[in-house]
Amino acid sequence: MSDTHAQTVPFVRDTMLPAAPPPTRESGAVKWLRENLFSGAVNTVLTILGILIIWFLVATFWDWFAHSVWNASSLTECRQIIAATWGENARGACFAVIRERWNQYVFGFYPQTLYWRPTMAFGLLMVALAPVLFSASLIIRRVVLAITTLATLLCMMVLGAPVGWLVFAALVLAGGLLASERNIAWLLPFSLIYPLLGVWFLWGGSLWGPIFVLVGPLLGWLAWRLLAGISPLLATVGAILVTVLFWLLLAGDAAQSAQAVLPLSIEAVRSDRFGGFLLSITIGVAGIALSLPLGIVLALARRSDMFLIKSLAVIFIEFIRGVPLITLLFVASLLLNYFLPPGTSFDIILRVIIMVTLFAAAYMAEVIRGGLAALPKGQYEAADALGLDYWKAQRLIVLPQALKISIPGIVSTFIGMFKDTTLVTFVGLYDPLKSMSDAVRANIEWKGIYWEPFIFVGAIFFLICFGMSRYSMYLERRLQRDHR
Amino acid sequence: MNEPINRQIDRSQMTISDEVAIDIRNMNKWYGSFHVLRDIDLTVHRGERIVIAGPSGSGKSTLIRCINRLEEHQAGHIVVDGVELSSDIKNIDKVRSEVGMVFQHFNLFPHLTVLENCTLAPIWVRKVPRKQAEATAMRFLEKVKIPEQADKYPGQLSGGQQQRVAIARSLCMQPRIMLFDEPTSALDPEMIKEVLDTMIELAEEGMTMICVTHEMGFAQAVANRVIFMDQGQIVEQNNPTDFFNNPKSERTKLFLSQILGH
């Protein structure tokens with residue numbers, strides 16, 4: 001030490017120190033291992049214990065997987081192959097059931113000659129989703145749409161789609177690719193009409209049905225325009241009333257008359273032919289698409305200053321959340337018909353979709369309410385102070401931020417809802433996990449096979465749900481606006 | 001605190017007209033049973049620059065937040081630009097689009113860029129075409145001296161820069177009256193000056209301003225009336241020279257000695 005002391009000698013720095021790199025004593029894998037796995041006696045023991053448990057699990061199941069058979073026409077044949085190849089006492093998985101019953105797991109009892117229709121519907125769904133899900137990144141869009149185009153056309157060809165529809169699908173897919181390169185917003189009109197197209201592709205029948213369903217909201221919009229000058233509330237009520245009345249009273253007859261004049265129809269497929277992943281994905285996609293907007297409306301209603309609206313929202317949310325989904329599904333399948341006017345027959349899948357949507361929307365509303373509550377009051381005040389009215393403030397300022405905060409919760413709800421689609425087994429629909437596997441086992445060839453179908457269906461569910469989870473993380477990163 | 005105002009203020013443009021911009025009569029407000037504002041009478045003429053001072057909890061912020069109805073008053077009248085504030089939503093929106101407000105915590109929209117923050121209200125409330133709104137926004141961003149930050153997000157700016165963006169955002173609506181609610185209270189000392197300079201420039205252009213602030217140097221340099229509030233009422237109002245050099249009420253003297261005395 002020198003003789004100088006900080007207390008006695010004034011100090012002035014005349015050169016600033018440059019930034020220096022951190023010391024390079026330890027780095028890389030060794031450092032990571034030491035810090036994370038072997039940082040002390042307890043951690044070392046736990047690490048070794050963990051490795052032993054993993055080893056035990058892998059050792060137990062490895063043989064079973066390694067001995068799996070992918071080519072056989074019955075469980076008995078599977079066992080014979082395993083015994084012949086690996087010895088009398090060897091155990092092995094018989095994934096041949098997946099290979100043999102693949103179509104059944106994917107399409108249910110959908111007519112085999114029409115498999116190309118759900119395939120096309122799924123491919124075009126990706127085009128419709130592109131402007132909503134992948135609007136930000138050209139590269140992601142390009143990859144997703146290119147793979148979709150190739151896969152859809154290839155599958156349609158293999159499944160024997162008519163040339164006319166192949167050309168139609170190719171045109172739409174090419175249009176999607178072109179729009180994605182130029183301006184993805186061009187696809188938004190397609191996204192808007194896709195729900196009707198998709199329903200038509202899946203269920204078939206007359207095109208006039210979906211067209212007149214579309215006419216309802218158009219008439220409603222006209223009514224809104226006419227009444228908007230008088231009172232916004234009256235206009236909204238009028239628009240909803242006109243739409244619903246048109247659907248209930250006129251749409252059916254109009255569609256029939258139009259069909260009589262100009263027949264435009266493809267082969268109809270009844271709802272009880274749906275099954276497997278086609279059913280799960282149909283219910284899941286419809287439920288996701290409908291429950292988010294409904295959840296937003298419910299969340300806003302629950303925070304409303306208007307007593308009646310707030311009470312209705314609270315009652316709805318608390319009732320739906322307080323009841324098991326299966327109860328609602330039973331109501332949909334058994335009781336709903338008693339409450340509807342006689343003669344109206346309501347499609348079972350549509351009824352299930354409505355119930356699943358209401359169920360998910362109640363959870364969604366609470367998740368979004370959390371996001372709304374997390375916004376600082378200053379955001380509302382700033383929007384008010386600039387003169388934005390309630391709906392503009394919600395749309396431009398509040399919801400974009402609240403929804404961003406709620407992304408993890410929203411996607412959680414989606415994932416939960418998608419997995420809950422397997423519960424439709426209780427109302428006699430063929431979900432892939434239970435009903436479809438039971439149907440497979442009902443055959444003498446596959447009687448007694450349990451593990452393999454469950455593992456297969458579980459793996460597909462995992463892939464889809466994990467994909468949603470990763471997408472939500474990507475979205476969160478993309479929407480991050482601070483500290484960049 | 002030492003006041004950072006040392007520039008020569010040009011008062012030549014700062015003319016006050018006879019036209020009444022804000023007229024508050026007998027206004028009272030309660031939070032539950034707590035009487036926050038008591039019998040407020042205040043007339044502001046066009047071009048006037050008013051500074052409201054007072055201890056915390058005295059109702060200064062509540063008063064200016066009543067002027068654009070972020071807070072509701074329960075008795076009395078508030079007339080802004082000839083429009084009476086009542087529960088009529090059309091009137092409220094009309095007043096709000098004519099009155100700009102700058103907040104203590106900026107309240108910028110973090111999910112929008114600086115430019116989008118500035119163009120949002122003109123496009124959606126005033127129905128200005130986007131191109132034109134962007135041109136106007138750039139003009140005001142240049143005025144507050146941060147045009148180069150237009151494409152950044154608020155979270156990437158310093159506090160002083162954010163507050164200047166907030167001022168520009170209000171100005172883009174071309175308001176006739178500006179309200180400032182402690183605009184420098186959340187800022188580091190080094191950034192206070194840049195915000196005050198912007199406000200002084202605005203004052204020099206003849207903007208009608210009401211500022212709640214503890215910056216007494218700013219009050220001396222810019223205000224033509226200082227209002228002192230305590231316990232929800234106006235205790236004293238005067239021109240800045242007399243207010244600071246010759247306060248009348250004991251409460252004012254005590255307040256001034258406490259904030260200027262060190």
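Because the structure is a prediction, the values reported are computed rather than measured. Sequence lines set the chain letters: A, B, ... in the order given, protein chains first and strands last, and positions in each chain run from 1.
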Tell me, yes or no, whether the heavy-atom count around [X] atom [atom1], taken from other residues, nucleotides or ligands under 6.0 Å, exceeds 12.
X	atom1	answer
A:Asp305	CG	no
B:Lys143	NZ	yes
B:Ile89	CD1	no
B:Glu190	CD	no
B:Tyr31	OH	yes

Query - Contact class of B:Val99 relative to chain A, heavy atoms under 4.5 angstrom - result: backbone
Requested in this report: Could you look at B:Phe109 and say if it's the side chain, the backbone, both or neither that has a heavy atom under 4.5 Å from chain A?
Outcome: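 It is both, since atoms from each part get that close.
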Query - Whether B:His111 side chain and A:Leu479 backbone form a donor-acceptor pair below 3.5 Å - result: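 Flag not set: sc B:His111 to bb A:Leu479 has no pair under 3.5 Å.
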Query - Polar side-chain atom of A:Gln379 near backbone of B:Leu108 as donor-acceptor pair, under 3.5 Å - result: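 Side chain of A:Gln379 to backbone of B:Leu108, a donor-acceptor pair under 3.5 Å: yes, one is there.
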**Report entry** B:Asn68 versus A:Ala385, closest heavy-atom pair with distance
**Finding:**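 Of all heavy-atom pairs spanning B:Asn68 and A:Ala385, the closest is ND2-CB, 3.8 Å.
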**Report entry** Nearest heavy atoms of B:Phe103 and A:Ala382, plus distance in Å
**Finding:** CE1-CA, 3.8 Å
Side chains of [X] and [Y] in contact at under 4.5 Å (non-hydrogen atoms):
X	Y	value
B:Tyr153	A:Gln480	no
B:Leu120	A:Ile397	yes
A:Leu386	B:Arg169	yes

From [X] atom [atom1] to [Y] atom [atom2], the distance as rounded to the nearest 0.5 Å:
X	Y	atom1	atom2	value
B:Met101	A:Glu381	CE	CD	7.5 Å
A:Asp389	B:Arg96	CG	CZ	10.5 Å
A:Leu396	B:Trp124	CG	CH2	5.0 Å

Report task. Against chain A, work out which of B:Leu112, B:Leu179, B:Ile92, B:Val125 has the most heavy-atom pairs shorter than 4.5 Å and name it. Result -> B:Val125
